[in-house]
Structure formats: structure tokens, C-alpha cells
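Report on one structure; see the data block that follows.
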Amino acid sequence: PALSYTRSLAHHTLAGVMAGLSGLATCGVVVLAAVSAFAVRMVVVARYELTLRENDPFFNLRAAQRVVDFGVHAGLAEWFDAASWYPHGRHVGDTTHPGLVLLTAGVHTALQALGLQHDLADLCALMPPILSAVSTIAMFILGNMVQGTSTGLISACLFSIVPAYVSHSMAGSFDSDCIAMPALIVTFCFWLKAVEGSKLLACAAAVLYAATALSWGGFVFVSNLIALHVFVLLVLGRCDRHVKTAYSLFFVLGTALSLHIAFVGVKTLCSPELCLPLCAFVVVQLVDVVSGFVATTTSSVATFAFLALASAVALWLLFSASLDGWTARTRSALDPTYARAHSPILASVSENQPTAWASFYFDLQLLVFLVPLGWHRCFVDVTKARIFVVLFGLTTLYFAGVMAKQMMLLAPAASLASAIALDRLFQTYMQDTDTTSAPASSKRAAKPSATPKKKTVKHAAGRGAGSSDVQGVWPTTVVFLVVMALVFYTVHCVWVAGQVYAAPTLFLTSTQSNGTQKVFDDFREAYGWVRNNTPHDSKVLAWWDYGYQISAMGNRTTIIDNNTNNLTHVGLVGLAFASGEAVAFSRLRELGVNYVMVWFGGLVGFGSDDINKFVWMLRAARAVSDDSAVNEANYFSLTGELRVDAEGAPALKQSLLYKLCYYRFRNVYTEAGKPRGWDRVRRQEVGVTDIDLEYFEEVHTTENWLVRVYRLKDALNRGLPVR
């Protein structure tokens, strides 16, 4: 008995030690994946500097600074920004999702209380990598819920460096996308646990959903996907009491909390975009009532659920048709042709265009081939969680196809499905490898029954002597190829992060013939000049792309900015740029403009300048003007091209934008072997030899001509020298 007790104690001790080591190894892999997610997004800092990127982060920095200085209520909820959208201004609390700003301000305050001094701008730039690490940990939890620890580890590792997500979470990308991903994944984690019977986690999912609504406009997708999951479970006859209870708690509590968000408010109940969750809630209650009074089989319940679903969809469409609550972005997601026909501002943004086929491989690489295998595995062994995985993947695949920006949503769905496929592959072929490599003594130790033994002998006799070696080579080969594919996936992801998505946006770089790197820091030069050389109450006009940066770095009032909440105002600015100098001067005076800034890349070959955006200015102007002169055809050459040379249309060469961009450009040599005034972007020689400005005065042009600043002349000084 003592010996038996000792053996049992040793066995349990060893099992405990092995379990502890396994748990420690799991934690180590998750931490390593989170560190990798943070590190790969810091490449831009290692190569250049820690600074904000793009445009939206600059407004979020202003908002975070106000929350730190004045508090949440005075600094954000009641903030009327008179320095934007002049003369109308903007009520920020009612026109933005403040979740990221509030989180960053809270972290900043906590660090200050702990005595850790830092700059708020640096913290804002670091928040995307930090939240990416949090998303990676959440991805492990989601994968673990779907199919176990190994799936969670693989999904976390794949997701941590996938380019589709890295592109939206590099250091400095301080916008709502960086907080949307952890909120979305954690919400789904709580939901999948709630449908298994946890009421507490159903409430937690509702709270996280409200946090998503506070932080990101895509909260509509989260709510509709969960409602779709409930509908599919109803049709498949898998909507048990736990699912009904979980969704009822989720919908009621999530809706109640969302009603208190200023930018969402009653839209969570009356918006057609959110009618599907409401229909799902009604159908769930109807199914529960019918099931309580009628003794039905699983088949009849499924039939009733299908009819209820059809009725709910019909009512939803009828209700939607009577409301004008669909946003332009949602309509574009459902109809890719809508934006070009009805919303030129939305269509002018490249990331709102349909995704090219090559982008799927570029942003997902190996995951493109693994996703179908993962979905197949979900269909083989169906569970509530795996149904959700398939729905998550199919919906995000559709939205990623119609809008390039939504590739970010496809990243977690593709990583999860790929992890399921890889987990199954490794389990199958590594088990075969272990079996074929087992020693003969181990095989002889097993004592199968007589009948299977005879069959095995006959089968072995028919295979030949070398068949066991072939059987052992094949699993090893498969495992080796999968591992090599994962190595290439890692190399590709790191290369994309370092060479493509780490490119700075606040300044430009180019590699010289001797291998050195040249930096074109014209943008910050222009903002600095405006900040230091113009009156504090000056009104600066530029195309809407640059409004946030002018407000944050130039510290001047803007006419339009990246919020684009007033399409009429945007159209008026486009109309001014498309008009002749005299007409444009009159219109800009009506808007109270003092200075005009234009972006021009003809000298250095910068393709994203205002001349290349001129078509979208025309379309925005056409949306607010009935003037027949504002017609795209009038600005194109006889061959249907937007030409800036001698063959260009007279309307284009007389427009304000053309004159401000090409003023004095005829006197500049830009490229060896080319004439003066050679535009390196359009590859054409400027068509007007001598541009004279009567109503505008050039006050600053940056070193590389990327930004040009003009002042509107006073009414009494038109045509006269201005000091």
C-alpha cells in the first residue's frame, strides 16, 4: 500500500508539474505574440521618428488635450470648436466617437499620478501598438473558446503581424480603428461564452458593445453580426434557452447603454442600419412564446424560425424604405456604385474604393489559402462558436471586397479560420509522424484483438516492405511544408510592415543615387510658417484632406476639414477652386477666407497633390451648384484627359487651382533633359507660359514646392502693389 501511495503521489505531482509547465509555455507564447505585435508596429519609429500619421490623429490629439486640461464635460461633451468649419463651427460632442480620446486621457492622467512624466503626443502615437498587443491577447482567448488552446495560440501568432491589421495600427495611427479591434474581439469573446449559459458574460458583452459604440462607427457591424448569428441558430434549430437569454440580455442592456452616447442616441432604435438586431430580439421572443404553448419538434421550430426570419426581413426592408437613415458609407457597402454616383467625398478616398484582388494576397498572404480549410472544418464539426466563425468570415469577406478599408475587419476572421485549419493539420500529420516513428518494441507491446490482427497482416503483406517508410515520409513532408509556409508568411508580414506601411505620411522620403535618404519636410514647414507668420484670427482655406493638420499644427481656423459633416460647405470650396480667379475671390471673401494653401507635387513627383484631386473637387461642386459651367467635360481635353499642357481645356487653365499651383512654375527646371515647367507627376509641360495673379498674393512656397500659401489681397489693393 505504501508503494502504491507513493506511485500515485508521484504520478499526480508529475501531472501537476507538466500542467504548470504547459500553462507557463502557453503564457510565454501569448506574451511573445503580443510583444511581436507591438514591435512590428514600432518599425516606423525605428526608421524615422515618433510622430502622428495621416490626418484624423491630429484632431484626436487636440480632443485628448482638451479632456486633460478641462475635463470630460467642458473639454469634450460641451466643446464647440469655432476654429473649424468657419463660420458655422462644429459641436464636437455630438459629431464624434470619443472612446479612444477618453481612454488616452485616462491613461495619461494615471501615468502622471504615478510620477511617470511624458508628452501626451507621444502617448497618442504609442497607443495603436499598445492596443494591438491587447488585441493579440484577446485573439488568443477567442481562438481558445472556439477550438482549444492550440487554436488560440496559432490565431494570436497569425493575427499579431497580419498586414491587413498592421496597416491600420502602426505607431502614430491614433484613430478609432486602433481601439475598434480589441473592443470588437473582446465583445465576441463574451458573446460566445454567453451563448453557452453565462448570463454575467452576456451583460459583459453588452457593456463591451456599448464601449465599441462609444469608440467606433463600425459598432453597427458588431450588433448586426450577433443578430445574424442568432437568426442562423434559429433556422438550424440550435437556438436553445441559453442563446435566447443571452441575446435578450445583450440587446436590452446594450441598447440602453448606447442610448446615453451622444453621437448614437436614439439611432440605436430607429436607424434602419440597426433594425436587424431589433427584429432578431422580437423573433426570439416570439419563438420563445410559441415554444412555451405548442409542443413542437426541432424541425417545426426550425420551420417557424425560418418563416419568422423572412417576415422580419420583409418588415425591416419596409421600415428602412420609409426612413432616410442610411448613411452614405453603409449604402456604399451594400451598393459599391452608390458613392461614385451620390457621394463624391466618400468616393474620393482611396480606401473607400473596392479592393483589388491582389490586395487580398498582399494583406493576408498564406491566410488566403487556409481560410477555406478552416471553414470546411467548421462545417464538419458544427458548434455555436464555429457557426459564428463562418458568419464572421463571410460577412467580413464581403465588406472587404467592396471597400478596401474593411480589410482590417477581415484580419481577425481570417486569422481565426486559418488557425482552425492549421491546428487540424498539425494534429493529423504530427500524430501520423509520431505513430510511424514509434519503435517496434512499443508496437509489439500493444495487444490488439485477433480479428483486427489478421486484417492488419493481410494489409501489410499487400503494401510491400517499403510502404511503412513512405507512410512516415508523407506526414513529415506535409508538416515541413506547412512550417516553411509559416516562415515565409512571417517574412512577408515583417517586410510589408517595414517597407510599405512604415512609410511616413507627415513628410516624404526618397533614396538618392548614392544610397542616402533625403527627407522632404515641406508639410511641417508650411504649417510652421502659417503658425508663426499669420494673424491668430486668420481663416485658412485648403482642401478637406488637410483641415485637421492645419488646425493642430498651424493653429489656425479652417473652412473645411476631415470630418466632412457639411457637404454643402465642401462643395462651395470645390466650386471656388474650379472657378476663375475673380469669381473665386468673391466666393472666398464670402466665406471669410484670408489665406489659401494648395498642395503641388509637380516639382518632386508627389502624386497625391491637389491637381490629381481636381476631378473630385468638380464632383463635390456639382453636387451643390446648378451652374452648367461646373461640368467635368469642360475641364477635360478633347481626348477626354485632364491635361495641364497646351492641349488642356481653357476652363482648367483659367481655374483658381491651376493658377495657384503653376504660378511661377514655368521658370523652374525640374528634370534633366526636360523643358522648364515640366510637371513630373503629369509628365507634361505646363500649358500657360505666364500666369499673373490679380486677387491673390504668394506669401510662402516651401523648399520643394509641395505646399504653396497665398493671401487674398485687400479689396482696395487689387491690381496694386501690396506691401
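Reckoned from all heavy atoms, side chains included, excluding hydrogens, waters and symmetry mates.
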TODO: Look only at the side chain of Ser348 and the backbone of Ile345, and say whether a donor-acceptor pair between them is shorter than 3.5 Å.
DONE: yes
- [ ] Output, in order, the C-alpha distance, side-chain angles, deciding distance and verdict of side chain to side chain contact (heavy atoms under 4.5 Å, CB included) for Leu397 and Leu410.
- [x] CA-CA 6 Å; Leu397 178 62; Leu410 183 58; 4.2 Å; yes
Open item on the list: Show, in sequence, the C-alpha distance, side-chain angles and deciding distance for Ser173 and Glu54, and conclude whether the side-chain hydrogen bond (donor to acceptor under 3.5 Å, both in side chains) test is met.
Closed with: CA-CA 7 Å; Ser173 301; Glu54 301 295 343; over 6 Å; no
Open item on the list: Within a 6.0 Å radius of atom NZ on Lys193, are there more than 12 heavy atoms belonging to other residues, nucleotides or ligands?
Closed with: no
Open item on the list: For Gln549, run the side-chain contact (heavy atoms from CB on, under 4.5 Å) check against Thr558, Asn55, Thr505 and tell me which one passes.
Closed with: Asn55
Open item on the list: Is a donor from one side chain sitting under 3.5 angstrom from an acceptor on the other, for Asp363 and Tyr501?
Closed with: yes
Task: Thr95 and Arg90 side chains, donor-acceptor separation under 3.5 Å - done: yes
Open item on the list: Show the nearest heavy-atom pair for residues Leu208 and Ala183, with the distance to one decimal.
Closed with: CD1-O, 4.4 Å
Open item on the list: Could you report the tightest heavy-atom contact between Pro57 and Asp175, atom names first, then the distance?
Closed with: CG-N, 4.5 Å
Open item on the list: Side chains of Trp191 and His229: any donor to acceptor distance under 3.5 Å?
Closed with: yes
TODO: Could you verify whether a donor N or O on one side chain and an acceptor N or O on the other, from Ser169 and Arg41, lie under 3.5 Å apart?
DONE: yes
Task: Asn144 side chain to Gly152 backbone, donor-acceptor under 3.5 Å - done: no
Task: Main-chain N/O of Tyr86 paired with His569 side-chain donor or acceptor, under 3.5 Å - done: yes
Open item on the list: When you compare the side chain of Val162 with that of Gln365, does any pair of heavy atoms fall below 4.5 Å?
Closed with: no
Task: Val146 and Leu192, any side-chain heavy atoms less than 4.5 Å apart - done: yes
Open item on the list: Please evaluate residues Asp561 and Trp85 with respect to the criterion side-chain hydrogen bond (donor to acceptor under 3.5 Å, both in side chains), reporting the C-alpha separation (whole Å), side-chain torsions for both, the decisive distance (0.1 Å), and the verdict.
Closed with: CA-CA 7 Å; Asp561 61 27; Trp85 292 96; 2.7 Å; yes
Task: Non-hydrogen side-chain atoms of Asp177 and Lys405 separated by less than 4.5 Å - done: yes
Task: Non-hydrogen atoms of Ala105 and Val68 that approach each other most closely - done: CB-CG2, 4.0 Å
Task: Side-chain donor/acceptor of Ser215 to backbone N/O of Ala211, under 3.5 Å - done: yes
Task: Side chain proximity check, Phe281 to Val230, heavy atoms < 4.5 angstrom - done: no
- [ ] Kindly indicate whether the side chain of Tyr48, heavy atoms from C-beta on, has any atom under 4.5 Å from the side chain of Val43.
- [x] no
Open item on the list: As a quick check of understanding, evaluate side chain to side chain contact (heavy atoms under 4.5 Å, CB included) for Phe362 and His492, giving each step before the final call.
Closed with: CA-CA 9 Å; Phe362 187 79; His492 172 80; 4.3 Å; yes
Open item on the list: Using modelled atom types and a 3.5 Å cut-off, is there a donor and acceptor pairing between side-chain atoms of Thr151 and backbone atoms of Gly143?
Closed with: no
TODO: To the nearest 0.5 Å, tell me how far Leu364 CG sits from Ser415 OG.
DONE: 8.0 Å
TODO: Kindly give the heavy-atom pair with the smallest separation between Glu196 and Lys384, and that separation in Å.
DONE: OE2-CD, 3.9 Å
Task: His97 side chain to Ala213 backbone, donor-acceptor under 3.5 Å - done: yes
Task: Closest heavy-atom pair and its distance - Ala419, Leu158 - done: N-CD1, 4.1 Å
Task: Distance (rounded to the nearest 0.5 Å) between Thr136 OG1 and Met181 CE - done: 10.0 Å
TODO: Output the distance between atom OG (Ser258) and atom CG (Leu214), rounded to the nearest 0.5 Å.
DONE: 9.5 Å
Task: Spacing of Tyr548 atom OH and Asn60 atom CG [to the nearest 0.5 Å] - done: 7.5 Å
- [ ] For Arg53 and Met170, indicate whether the former's side chain and the latter's backbone hold a donor-acceptor pair under 3.5 Å.
- [x] no
Task: Test side chain to side chain contact (heavy atoms under 4.5 Å, CB included) applied to Ser36 and Val40, step by step - done: CA-CA 6 Å; Ser36 300; Val40 77; over 6 Å; no
- [ ] Take atom NE2 of His260 as the centre, draw a 6.0 Å sphere, and report whether it contains more than 12 heavy atoms from other residues, nucleotides or ligands.
- [x] no
Task: Side-chain heavy atoms of Asn562 within contact of Trp544, under 4.5 Å - done: yes
TODO: Taking all heavy atoms of Leu123 and all of Thr104, pick out the closest pair and write down the distance.
DONE: CD2-O, 3.8 Å
Task: Phe392 and Phe221 aromatic ring geometry - parallel, tilted or perpendicular at 30°/60° bounds - done: tilted
TODO: Measure the CE-CG distance between Met139 and Leu153 for me, rounded to the nearest 0.5 Å.
DONE: 12.0 Å
Open item on the list: Is there a side chain to side chain contact (heavy atoms under 4.5 Å, CB included) between Leu278 and Phe251? Walk through the geometry before answering.
Closed with: CA-CA 8 Å; Leu278 178 60; Phe251 178 81; 3.6 Å; yes
- [ ] Report yes or no: do Tyr165 and Ser135 form a side-chain donor-acceptor pair below 3.5 Å?
- [x] yes
TODO: Ignoring hydrogens and angles, tell me if any N or O in the side chain of Ser167 forms a donor-acceptor pair with the backbone of Ala164 under 3.5 Å.
DONE: yes
Task: Side-chain donor or acceptor of His73 paired with backbone N/O of Gly71 under 3.5 Å - done: no
Task: 4.5 Å side-chain heavy-atom contact, Thr396 and Gln406 - done: no
Open item on the list: Could you measure the distance from the CZ atom of Phe159 to the CG atom of Leu367? Nearest 0.5 Å is fine.
Closed with: 11.0 Å
Open item on the list: I'd like to know if the side chain of His88 and the backbone of Asn566 have a donor-acceptor N/O pair within less than 3.5 Å.
Closed with: no
Task: Side chain to side chain, Leu274 and Phe219, heavy atoms closer than 4.5 Å - done: yes
Task: Phe188 ring center within less than 6.0 Å of Phe388 ring center - done: yes
